[in-house]
Amino acid sequence: MYKKNITSIHLDVLKEIGNIGAAHAATALSTLLNKKIEMTVPKVEMVSFDDMMDLAGGPENVVAGIFLRIDGDVTGNMFFVLPVEQANRFIQSLVQDSSLDFQTGEVSELAASAMQELGNILSGSYLSALSDFTSLKIYPSVPALSVDMVGAIVSFGLVEVSHVSDYVIVIDTAINEDNTTTGESVKGHFFLLPDPDSFEAIFRSLGVQ
């Protein structure tokens with residue numbers, strides 16, 4: 001319903017907002033990890049629900065997902081999804097314990113707490129940048145962690161928005177450690193699913209009528 005009104009210019013604006021948020025998150029993560037962290041937002045796009053699932057490896061792909069509810073002038077759901085092996089890399093680095101493993105099916109309290117802190121930093125930084133840019137009041141809830149299939153994690157977040165739209169805002173995120181030996185970055189996806197009225201409020205604030 002809204003996709004026809006969204007141009008590449010508006011997506012570029014969302015990408016710039018994402019990069020501002022990523023810069024703030026990188027500063028917070030660098031302090032937390034006591035090492036230089038860089039973050040970028042390579043791409044922002046609006047995709048169909050099916051394409052969203054494909055971006056995360058398919059609906060049956062098991063991921064570490066962080067979910068939070070957004071309230072205020074904008075309401076909706078937001079997810080940050082990381083492949084399980086990349087979640088392992090980040091958490092092992094964060095807590096300096098190579099034995100922590102989301103793939104075992106039993107997530108320790110320490111690993112869960114670390115992932116929720118990651119969710120707090122990333123979502124808080126992005127939503128703060130979005131709020132500053134749009135002058136909309138946006139309040140994220142405390143993030144909840146789930147290790148499950150992508151389809152199971154995000155399906156309930158699609159219920160309200162699916163009545164009026166078939167699209168979701170996807171914000172790619174790349175996290176790079178300065179001293180990594182592999183040169184690989186941790187790559188995840190934000191899935192932003194505003195409630196129906198909030199889609200209009202966000203894009204109206206960005207100049208879309």
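We're numbering straight along the sequence, starting at 1.
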If you measure from [atom1] on [X] to [atom2] on [Y], what distance do you get to the nearest 0.5 Å?
| X | Y | atom1 | atom2 | result |
| --- | --- | --- | --- | --- |
| I169 | M78 | CD1 | CE | 9.0 Å |
| S146 | F79 | OG | CZ | 9.5 Å |
| K36 | T27 | NZ | OG1 | 10.5 Å |
| K43 | I171 | NZ | CD1 | 13.0 Å |

Verify same cluster id: L136, L130 (apolar side-chain graph, 4.5 Å):
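Looking at the clustering, L130 is in the same group as L136.
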
Same cluster or not: are L122 and I20 linked, directly or through other Ile, Leu, Val, Met, Phe, Trp or Tyr residues, by side-chain heavy atoms under 4.5 angstrom apart?
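The answer is no; the residues belong to distinct hydrophobic clusters.
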
Taking all non-hydrogen atoms of both residues into account, name the closest pair between [X] and [Y] and its distance.
| X | Y | answer |
| --- | --- | --- |
| E60 | M149 | O-CG, 3.4 Å |
| K15 | P42 | NZ-O, 3.1 Å |
| V47 | D51 | CB-CB, 3.8 Å |
| V168 | L192 | CG2-O, 3.2 Å |
| L68 | P140 | CD1-CB, 3.8 Å |
| L118 | F80 | CD2-CE2, 4.2 Å |

Any sub-3.5 Å donor-acceptor pair from [X]'s side-chain atoms to [Y]'s backbone N or O?
| X | Y | value |
| --- | --- | --- |
| S135 | S131 | no |
| N19 | V41 | yes |
| E38 | N176 | no |
| N120 | V142 | no |
| S205 | T134 | no |
| S30 | I37 | yes |
| H189 | L55 | yes |

Residue pair [X] / [Y], side-chain heavy-atom distance below 4.5 Å:
| X | Y | result |
| --- | --- | --- |
| L193 | F191 | yes |
| Y139 | L127 | no |
| V170 | V44 | no |
| I138 | D73 | no |
| Q116 | I66 | no |
| V63 | I153 | yes |
| T173 | M39 | yes |
| T75 | P194 | no |

Give the C-alpha distance, both sets of side-chain angles, the deciding distance and a yes or no for side-chain contact (heavy atoms from CB on, under 4.5 Å) between L82 and M115.
CA-CA 10 Å; L82 269 179; M115 276 298 291; 4.2 Å; yes

Working for side-chain contact (heavy atoms from CB on, under 4.5 Å), residues Y126 and H24
CA-CA 8 Å; Y126 180 77; H24 294 161; over 6 Å; no

Using side-chain contact (heavy atoms from CB on, under 4.5 Å), reason through D172 and F190 one step at a time and then give a plain yes or no.
CA-CA 6 Å; D172 288 347; F190 272 115; over 6 Å; no

Any chance you could lay out the side-chain contact (heavy atoms from CB on, under 4.5 Å) test for I70 and N77, step after step, and finish with the verdict?
CA-CA 6 Å; I70 304 168; N77 298 319; over 6 Å; no

